[in-house]
Amino acid sequence: MKKRELFEKICLITYSILFFAACAVPGAAMFMARGDEEGTTAEKRLLADAPSIRSEDGSINKQFSDEAIAYVSDHFGFREDLVALDAQIKAKLLHVSSEPKVIIGTEGWLYYTPTKDDFIGNPTVTPLGIQNILYNLELSKSYAESHGASFVIAVVPNKNTLYPQYMPYNYANYGTVGNYGHLVNAMEKYSPALLQNWCDLRGILSEQAADPHTPDIYHKQDTHWNNIGALTGYRAIMDVTGKDYKAYPDTQFTPEQTWEGDLETMLFPGTQERDWQYTPDIAYDFEYLGRYRSSDDLNIHTECGTGTGSLLMFRDSFGAAVIPYFSENFASADYSRSRPNPYYSMENTEYDTVVMEIVERNIPWLQREAPMHAAFPTEPLPAPHTWREGTLYTAQTNSAFLQIYGTLSLPEDLDTACDYVVTLTAPDGTETSYLAYHCYESDLLGTEKIGDNGYSLYIPAESLAEGTEYQVTLTFRAPRQIVGYQLGTVSLPMPETAAE
């Protein structure tokens with residue numbers, strides 16, 4: 001009996017020593033470590049700063065305990081290894097994702113959680129919102145074509161749209177239609193002319209993804225398409241332009257397991273596992289001009305001596321993989337990730353092609369912010385039959401534009417997107433009217449939601465007399481009446497600008 005008690009005590013002491021050592025080693029390593037030179041975690045998040053007992057004004061820092069917890073959480077020793085180990089155990093043994101933004105599929109496939117609604121057919125844009133998007137696309141098209149450029153709308157499908165078979169069984173679509181389907185259906189019904197500008201990437205890429213003789217066209221461990229999928233996307237977009245282009249018909253791809261997947265990195269911080277990428281055997285002649293660092297740059301300019309024409313492309317992260325193909329085809333090309341999209345660059349540079357590329361999951365963004373360009377002048381509408389409430393906000397953008405935006409109290413029976421006519425009236429009674437985009441500027445309004453009742457437009461600052469106060473109204477022709485809004489006043493320079 002005594003031997004057993006002795007054995008139990010030894011086990012208890014050994015366990016205690018190991019337990020306290022396991023707790024102490026990360027803490028000791030935290031103080032011994034030199035720190036992350038980048039000041040970020042593997043999740044691309046800034047590390048918490050070391051806490052201070054006193055605030056800058058010398059008073060006791062009341063947030064010290066919270067800051068200390070955040071600091072230890074970010075800096076304890078072997079953090080990345082332990083986080084990765086925890087994620088690996090949950091993923092491999094329990095098939096559970098430790099990262100809310102990542103869905104673990106089958107056969108090594110990972111998916112981006114924000115694509116879930118599109119996959120299960122849960123539309124996040126209302127019927128009126130779809131109408132707003134169509135209106136905005138038509139207005140953008142009109143602006144591009146008014147400057148002599150062809151206009152292409154390219155919505156890149158989500159990965160699980162093309163490869164649904166690897167999604168977990170608990171995510172299912174029972175035949176319902178999501179944002180993409182509703183947008184195409186509404187376009188066919190209400191804006192058939194816009195179909196000439198629409199690139200059916202979903203149909204073309206779906207057919208390629210279903211071909212058993214074709215390698216995967218999206219990365220397994222990344223959100224995006226690979227170089228094979230990007231080449232197909234490039235060809236499909238150029239087909240819509242109707243222009244001759246370099247199709248690279250006999251391109252061969254060399255597979256290399258070198259790609260660092262964004263979903264893999266989010267799920268397993270510090271992972272060394274790599275995904276497959278396919279390198280095309282294309283000898284590129286184009287050059288990057290200006291300060292180029294990576295394909296993630298907000299603005300990229302290329303020139304190619306063997307190319308023809310000029311391109312302006314508004315893109316998101318999916319645009320990175322198509323940049324080489326387009327750059328080799330066009331004599332000059334500009335790629336912009338700036339938001340809002342700076343369409344006004346067409347005022348100073350001639351482009352024969354404008355491409356607006358956006359991924360499927362971001363379709364709601366098409367009514368979130370207005371493209372930046374001078375608003376279209378238009379004729380004012382007759383006097384409203386009824387007046388309703390609205391809000392007015394302004395922002396002066398790089399001294400070239402006065403942005404006017406806000407929200408409207410819409411009639412409950414409104415189901416179409418009609419012209420929003422914004423009228424500025426000077427003190428002498430002179431009226432100038434413009435068309436506004438149906439955009440809910442959620443970032444400027446300080447909210448994450450995207451409503452159907454927003455408006456936004458950019459007035460050229462040079463068209464406004466300094467020091468003059470303009471009355472602003474908005475009117476539109478509803479099905480049975482003309483609705484008006486007395487929004488307020490605007491002037492240049494803006495009050496805060498004048499104060500400076």
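Here the structure is a predicted model, which is why all the values come from computation and not from measurement.
- Counted within 6.0 Å of CG on Asp244, heavy atoms from surrounding residues, nucleotides or ligands total 12 or fewer; the atom is thus considered open.
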Test side-chain contact (heavy atoms from CB on, under 4.5 Å) applied to Leu289 and Thr302, step by step: CA-CA 6 Å; Leu289 274 68; Thr302 65; over 6 Å; no
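- Between the side chains of Thr115 and Asn160, at least one donor N or O sits under 3.5 Å from an acceptor N or O.
- Shown here is Glu287, whose CD atom has no more than 12 heavy atoms of other residues, nucleotides or ligands within 6.0 Å.
- Results of the side-chain contact (heavy atoms from CB on, under 4.5 Å) test with Val156 over His224, Arg315, Glu357, Glu360 single out Glu357 as the only residue that passes.
- Judged by distance alone, with hydrogens and angles left aside, the side-chain atoms of Tyr248 form a donor-acceptor pair with the main-chain N or O of Tyr325 at under 3.5 Å.
- Here the CD1-CG distance, from Ile237 to Asp200, works out to 12.0 Å after rounding to the nearest 0.5 Å.
- For Thr308 and Lys243, the side-chain atoms include no donor-acceptor pair closer than 3.5 Å.
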Test side-chain contact (heavy atoms from CB on, under 4.5 Å) applied to Asp296 and Arg337, step by step: CA-CA 8 Å; Asp296 290 330; Arg337 293 185 66 189; 3.6 Å; yes
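- With respect to the salt-bridge test (charged N to carboxylate O, under 4.0 angstrom), the residues Arg339 and Glu369 qualify.
- Taking the six-membered ring where the residue is Trp, the centroids of Phe286 and Tyr288 are separated by under 6.0 Å.
- A side-chain N or O of Thr279 and one of Glu256 form a donor-acceptor pair less than 3.5 Å apart.
- Between the side chains of Gln396 and Gln403, no donor N or O sits under 3.5 Å from an acceptor N or O.
- Just one residue in the list His373, Glu347, Glu350 forms a side chain to side chain donor-acceptor pair (under 3.5 Å) with His147, and that residue is Glu347.
- Within the 4.5 Å cutoff, no side-chain heavy atoms of Leu311 are placed close to those of Asp334.
- Other residues, nucleotides and ligands place no more than 12 heavy atoms under 6.0 Å from the CH2 atom of Trp259.
- Taken from CG in Asp297 to OH in Tyr292, the straight-line distance is 6.5 Å, to the nearest 0.5 Å.
- From Asn173, atom CG reaches atom CD1 of Ile120 across 8.0 Å, with rounding to the nearest 0.5 Å.
- A side-chain donor from one of Thr124 and Asn179 sits under 3.5 Å from a side-chain acceptor of the other.
- Distance check: Ile217 CD1 to Trp225 CH2 gives 9.0 Å after rounding to the nearest 0.5 Å.
- Between Val354 and Phe314, some side-chain heavy-atom pair lies under the 4.5 Å cut-off.
- No side-chain donor-acceptor contact under 3.5 Å links Ser295 to the backbone of Ala320.
- One distance of note links CD of Glu328 with OH of Tyr234; it measures 8.5 Å at 0.5 Å rounding.
- Side-chain contact between Ser140 and Pro371 is present, with at least one heavy-atom pair separated by less than 4.5 Å.
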Val359 and Thr223: CA distance, side-chain angles, deciding distance, side-chain contact (heavy atoms from CB on, under 4.5 Å) verdict: CA-CA 10 Å; Val359 67; Thr223 318; over 6 Å; no
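- Proximity of a side-chain donor or acceptor of Ser433 to a complementary backbone N or O of Val421 within less than 3.5 Å is not detected.
- Side-chain contact between Tyr437 and Leu457: absent, with no pair of heavy atoms (C-beta onward) separated by less than 4.5 Å.
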Stepwise side-chain contact (heavy atoms from CB on, under 4.5 Å) check, Thr353 with Leu312: CA-CA 6 Å; Thr353 305; Leu312 174 60; over 6 Å; no
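- You'll find the side chain of Asp275 reaches within 4.5 Å of the side chain of Lys220, heavy atoms only.
- By the 4.5 Å heavy-atom criterion applied to side chains, Cys439 and Tyr405 are not counted as neighbours.
- Classification of the Tyr163-Trp109 ring pair by plane angle, with boundaries at 30° and 60°, yields tilted.
- For the 3.5 Å distance criterion, the side chains of His301 and Glu303 qualify, holding a donor opposite an acceptor.
- Between the CZ atom of Arg368 and the OG atom of Ser456 there is a distance of 12.5 Å, given to the nearest 0.5 Å.
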May I have the list of side-chain donor-acceptor pairs in residues 189-198 shorter than 3.5 Å, sequence neighbours left out?
{"from": "Ser191", "atom 1": "OG", "to": "Glu138", "atom 2": "OE2", "distance (Å)": "2.7"}
{"from": "Asn197", "atom 1": "OD1", "to": "Lys141", "atom 2": "NZ", "distance (Å)": "3.1"}
{"from": "Asn197", "atom 1": "ND2", "to": "Phe151", "atom 2": "O", "distance (Å)": "2.9"}

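- With hydrogens and angles ignored, the 3.5 Å screen pairs a side-chain donor or acceptor of Asn453 with a backbone N or O of Leu408.
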Derivation and outcome, salt bridge (charged side-chain N to carboxylate O under 4.0 Å, His left out), residues Asp117 and Arg361: CA-CA 8 Å; Asp117 285 323; Arg361 68 175 180 270; over 6 Å; no
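- One N or O on the side chain of Asn329 and one on the backbone of Lys246 form a donor-acceptor pair closer than 3.5 Å.
- Shown here for Phe119 and Pro164, the closest heavy-atom pair between the two residues is CE1-CB, 3.5 Å.
- Each of Tyr135, Tyr420, Tyr455 was compared with Phe476 under the ring-ring contact (aromatic ring centres under 6.0 Å, His included) criterion, and only Tyr420 meets it.
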Return all side-chain donor-acceptor pairs below 3.5 angstrom for residues 203-210, not counting sequence neighbours, or 'none' if the list is empty.
{"from": "Ser206", "atom 1": "OG", "to": "Arg202", "atom 2": "O", "distance (Å)": "2.6"}
{"from": "Gln208", "atom 1": "OE1", "to": "Thr232", "atom 2": "OG1", "distance (Å)": "2.6"}
{"from": "Gln208", "atom 1": "NE2", "to": "Thr232", "atom 2": "OG1", "distance (Å)": "3.2"}

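- For the residue pair Asp239 / Tyr245, a side-chain donor-acceptor distance below 3.5 Å is found, with atom types taken as modelled.
- Using a 3.5 Å distance cut-off with no hydrogens or angles, the side chains of Gln277 and Gln257 do not pair a donor with an acceptor.
- No hydrogens or angles considered: nothing links the side chains of Trp276 and Asp216 as a donor-acceptor pair under 3.5 Å.
- Atom CG of Asn170 has more than 12 neighbouring heavy atoms from other residues, nucleotides or ligands inside a 6.0 Å radius.
- Here the side chains of Tyr180 and Asn158 are not in contact, with every heavy-atom distance at 4.5 Å or above.
- For the 3.5 Å distance criterion, the side chains of Gln131 and His438 fail to qualify, holding no donor opposite an acceptor.
- A cation-pi arrangement is absent between Lys159 and Tyr112, since the terminal nitrogen or guanidinium carbon is not both under 6.0 Å from the aromatic centre and inside a 45° cone about the axis.
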